[in-house]
Amino acid sequence: KQWYQRRVRGVTKLNFKKERIHFGSLEETKTLVETTKPADEGEPMVEFSAAGDKSDTESDDSGDEDVSGVQTLVDEHQAQLWDELAKKKAARNIAVPTEDIRVKAMLREMEEPICLFGEGPYERRERLKQLLVAAGKLSGVTTHKDLVAEQEQMEEGEQLEEKPEVWYHEGTGSLKRARFFIAEYSVPRAKKRLQLAREWQGKPATVKHSEKQDIHKFVHTLNNECSQIGDTRPLSYCNISPCSGYLATGSWSGLVKLWRLPSCNPVATLSGHNGRIGAVTFSPQAGLADNVACLASCDSDGLVNLWSMSSTRPAASLPGHGCRVARLNYHPSGRFLGTACYDHSWRFWDLETSNEILHQEGHSGPVYSISFHRDGSLLATGGLDSYCRVWDLRTGRAVLFLEGHLKSVLSCDFAPDGYHLGTGSEDNSCKIWDLRQHKSIYSIPAHNNMVTYCKFAGTPNNSMLLTASYDATAKVWSHKGWMPLKSLSGHDNKVMCVDCSWDKKYIVTASYDRTFKLWTNKSIS
């Protein structure tokens, strides 16, 4: 404040003037203050004493000192304004995060309150800028250009990190020989399959339609021919032999039983497991010799047994599984066996030597299902991590990663045409994948409960899809149209497995109600 002295009738009065507001630059303000003089020029300022006395000499000296004090205040105020402008300019050049979470994290690093009463994200961001300026971190704070450069470097680093690192380890001689054998075995079968597809394309439309009508007629005339109690505990799996003359069932009691088809009379009871049976399957070469192992089974204890038709005791065992074996399947050649394990891996066995030649990891959860391509070149695995992977047995690489199910993949199977793959999941759906397009082409809302099993049956040009579910039904779907053809209902509890004979004469369902049912055409029965 500026104050001036003047004498009015011998009484000294004080005149307090309000601070003037000048609009313009600071330079103009400074010039205006310097040129400003008291209202009454030539009148000295008066200094008051405790008693109210005054003298002319004292008033003259104090006037000069007061003017210099006012000038000092003006200079300090001007310096503060310059500092504020400099800080605002510096704050505009500071690049602070726009995400509120990152702003709070930076405030926490500076040991400042992350939120004030009534403060929003914008005010919090501005407060962070002011704190950074006040802390003198202008040189350490990233500007907009530095932030862009840093983001580019981070993106380049992420791309380098995301780039998969290819590494190899030395395989055994038996694995190398197996890969050569699979390549030599699969190529002629693939050529034959493609030749049949070309011949099918050349057929008249009336012939194609007639063949499809035959399989649709077979499905629509299916009836329950036989229902048999399979065990004292729930049945977990069923499989029909390649000759369509036998049925193998596995149960939670640890017993594997053989039945004659279509009479469903018991043939033999195979005991050798202590845990619950996970799967039992016939070899593609079953029936060629009675003393040759033609049947394989696995259980929850990790035991895998091989059986022959001439004995009720295991012909051989495959040791090495330290955890539950959920499923197993034969290679189309009959020489190899694949097992799906709960240790997040699957294993490949050479049955001629009973040795494990490959222990492959790749899933982030237990591997629950395993299936071989009809040509013998590919293998599909489904896991409880809700993903399905396709592996090339000739090179050992994972060629496809199929992602789309919301829950665990409980079953997978290749279609006879060679380029379709079906997967059944705990999310009540069955997805159809096209291996050529590397994606799902259709999702079937198959059941009202989880799909426990799915299987393709028929020829490459005329096939159908079977699904089993916990909703106590099994259903038949048309291939490539995915229309429901038949619902096989009759079980009192959830259906654990379904299978169809190679000649499409019989369909068998195994259930948790301890029974299996045989479904066949009326004319066949």
Open item on the list: Determine whether a donor-acceptor pair (N or O, by modelled atom type, separation under 3.5 Å) exists between the side chain of His363 and the backbone of Gly365.
Closed with: no

- [ ] Determine yes or no for a side-chain-to-main-chain donor-acceptor pair under 3.5 angstrom, with Asp427 supplying the side chain and Leu406 the backbone.
- [x] yes

Open item on the list: Any salt bridge linking Arg324 with Asp301? Criterion: basic side-chain nitrogen under 4.0 Å from a carboxylate oxygen.
Closed with: no

Distance-only check: which donor-acceptor pairs under 3.5 Å involve side-chain atoms of residues 481-493, not counting sequence neighbours?
unit_1	atom_1	unit_2	atom_2	d
His491	ND1	Asp513	OD2	3.4
His491	NE2	Thr509	OG1	2.8

Open item on the list: Is there a side-chain contact between Asp231 and Lys257 in this structure, where contact means two heavy atoms from C-beta onward sitting under 4.5 Å apart?
Closed with: yes

Open item on the list: Side chains of Arg347 and Glu356, heavy atoms from C-beta outward: is any pair under 4.5 Å?
Closed with: yes

TODO: Show your reasoning for whether side chain to side chain donor-acceptor pair (under 3.5 Å) applies to His344 and Ser364.
DONE: CA-CA 6 Å; His344 304 187; Ser364 58; over 6 Å; no

Open item on the list: Would you say that more than 12 heavy atoms from the other residues, nucleotides or ligands in this model lie under 6.0 Å from the CG of Asn448, or not?
Closed with: no

Task: Closest heavy-atom pair and its distance - Gly362, Trp391 - done: CA-CH2, 4.1 Å

Task: Aromatic plane relationship, His321 with Trp349 - under 30° parallel, 30 to 60° tilted, over 60° perpendicular - done: tilted

- [ ] Indicate the atoms forming the closest heavy-atom contact of Ala472 with Val495, along with that distance.
- [x] C-CG2, 3.6 Å

Task: Check: Arg335 side chain, Leu351 main-chain N or O, donor-acceptor pair, under 3.5 Å - done: no

Open item on the list: Tell me whether the count of non-hydrogen atoms from other residues, nucleotides or ligands lying under 6.0 Å of CG in Asn274 goes above 12.
Closed with: no

TODO: Return yes if some donor-acceptor pair links the side-chain N/O of Ser311 with the main-chain N/O of Ser308 below 3.5 Å, else return no.
DONE: no

Open item on the list: Do Ser511 and Met496 make a side-chain contact, defined as non-hydrogen atoms from C-beta onward lying under 4.5 Å apart?
Closed with: no

TODO: Might you work through the side chain to side chain contact (heavy atoms under 4.5 Å, CB included) test for His447 and Thr473, ending with a clear yes or no?
DONE: CA-CA 8 Å; His447 295 271; Thr473 62; 3.4 Å; yes

- [ ] Mark yes when over 12 heavy atoms from residues, nucleotides or ligands other than Lys480 sit less than 6.0 Å from its NZ; otherwise mark no.
- [x] yes

- [ ] Check for a donor-acceptor pair, side chain of Asp299 on one end and backbone N or O of Leu303 on the other, with a separation under 3.5 Å.
- [x] yes

Open item on the list: Return the CG to SG distance between Leu247 and Cys264, rounded to the nearest 0.5 Å.
Closed with: 7.0 Å

- [ ] Evaluate the side-chain proximity of Thr249 to Ile277: yes if any heavy-atom separation is below 4.5 Å, no if none is.
- [x] no

Task: Residue pair Ser386 / Ser408, side-chain heavy-atom distance below 4.5 Å - done: no

Task: side chain to side chain contact (heavy atoms under 4.5 Å, CB included) evaluation trace for Leu421 with Cys388 - done: CA-CA 10 Å; Leu421 175 70; Cys388 182; 4.0 Å; yes

TODO: Inspect the contact between Asp385 and Arg389 and indicate whether a charged nitrogen and a carboxylate oxygen are less than 4.0 angstrom apart.
DONE: no

- [ ] Apply side chain to side chain donor-acceptor pair (under 3.5 Å) to Asn305 and Ser317, showing your working.
- [x] CA-CA 4 Å; Asn305 288 333; Ser317 297; 2.8 Å; yes

Open item on the list: Checking Ser251 against Arg276 for the side chain to side chain donor-acceptor pair (under 3.5 Å) test, could you report, in this order, the C-alpha distance in whole Å, the side-chain angles of both residues, the deciding distance, and whether it holds?
Closed with: CA-CA 6 Å; Ser251 70; Arg276 294 178 295 181; over 6 Å; no

Open item on the list: I'd like to know if the side chain of Arg179 reaches the main chain of Leu393, judged simply by a donor and an acceptor atom lying under 3.5 Å from each other, with no hydrogens or angles considered.
Closed with: yes

Open item on the list: How long is the straight-line distance from NE2 of His373 back to CZ of Arg189, given to the nearest 0.5 Å?
Closed with: 10.0 Å

Open item on the list: Please find the pair of heavy atoms, one from Ala446 and one from Lys475, that lie closest to each other, and give the distance.
Closed with: O-NZ, 3.0 Å

Open item on the list: Tell me every residue that passes side-chain contact (heavy atoms from CB on, under 4.5 Å) with Asn449, counting only those two or more places apart in sequence or in another chain.
Closed with: Asn428, Ser469, Tyr470, Asp471

Open item on the list: Could you check whether any side-chain heavy atom of Trp346 comes within less than 4.5 Å of a side-chain heavy atom of Leu358, counting everything from C-beta outward?
Closed with: yes

Task: Option passing side chain to side chain contact (heavy atoms under 4.5 Å, CB included) with Gln195 (candidates Lys191, Lys192, Arg198) - done: Arg198

TODO: With sequence neighbours left out, write down each residue that passes salt bridge (charged side-chain N to carboxylate O under 4.0 Å, His left out) with Asp100, or none if nothing qualifies.
DONE: Lys104, Arg124

TODO: Have a look at Ser371 and tell me which of Thr381, Asp413, Asn329, Thr423 forms a side-chain hydrogen bond (donor to acceptor under 3.5 Å, both in side chains) with it.
DONE: Asp413

Task: Tyr237/Tyr453 aromatic ring centres below 6.0 Å - done: yes

TODO: Answer with yes or no whether the side chains of His359 and Ser345 bring together a donor and an acceptor at under 3.5 Å.
DONE: yes

Task: Taking every non-hydrogen atom, the tightest pair across Ser478 and His216 - done: CB-NE2, 4.1 Å

Task: Heavy-atom neighbours of Phe180 CZ exceed 12 at 6.0 Å - done: no

- [ ] Please report the shortest heavy-atom distance between Ile357 and Ser174, naming the atom on each side.
- [x] CG2-OG, 3.5 Å

Task: Side chains of Tyr506 and Leu518 in contact at under 4.5 Å (non-hydrogen atoms) - done: yes

Task: Pair Lys203 + Glu211: basic N to acidic O under 4.0 Å - done: yes

TODO: Using the six-membered ring of Phe414, assess whether NZ or CZ of Arg374 lies under 6.0 Å from its centre and within 45 degrees of the ring axis.
DONE: no

Task: Heavy-atom check, side chain of Val476 versus side chain of Met464, under 4.5 Å - done: yes

Task: Heavy-atom donor-acceptor pair, Ser411 side chain to Gly424 backbone, under 3.5 Å - done: no

Open item on the list: Given 3.5 Å as the limit, does a donor-acceptor pair link the side chain of Asp499 with the main chain of Ile240, or not?
Closed with: yes

- [ ] Run the numbers on Trp502 and Ser244 for side chain to side chain donor-acceptor pair (under 3.5 Å), then give the verdict.
- [x] CA-CA 7 Å; Trp502 289 51; Ser244 303; over 6 Å; no

- [ ] Output yes when a side-chain donor or acceptor of His331 lies under 3.5 Å from a complementary backbone atom of Ser333, and no otherwise.
- [x] yes

Open item on the list: Determine whether Asn355 and Thr172 satisfy the following criterion, side chain to side chain contact (heavy atoms under 4.5 Å, CB included), listing intermediate values before the conclusion.
Closed with: CA-CA 11 Å; Asn355 291 330; Thr172 60; over 6 Å; no

Open item on the list: Could you measure the distance from the CE atom of Met450 to the NZ atom of Lys494? Nearest 0.5 Å is fine.
Closed with: 7.5 Å

- [ ] Quick one: closest heavy-atom pair of Gly334 and Pro284, and the distance?
- [x] CA-CD, 4.1 Å

Open item on the list: Side chains of Ser271 and Arg313 only: does a donor on one sit below 3.5 Å from an acceptor on the other?
Closed with: yes

Task: Residue of the set Phe348, Tyr185, Tyr330 for which ring-ring contact (aromatic ring centres under 6.0 Å, His included) holds with Phe336 - done: Phe348

Open item on the list: Are Tyr442 and Trp433 an aromatic pair, judged by ring center distance below 6.0 Å?
Closed with: no

Open item on the list: For Ser186, is there any backbone N or O sitting under 3.5 Å from a side-chain donor or acceptor partner on Ser377?
Closed with: no

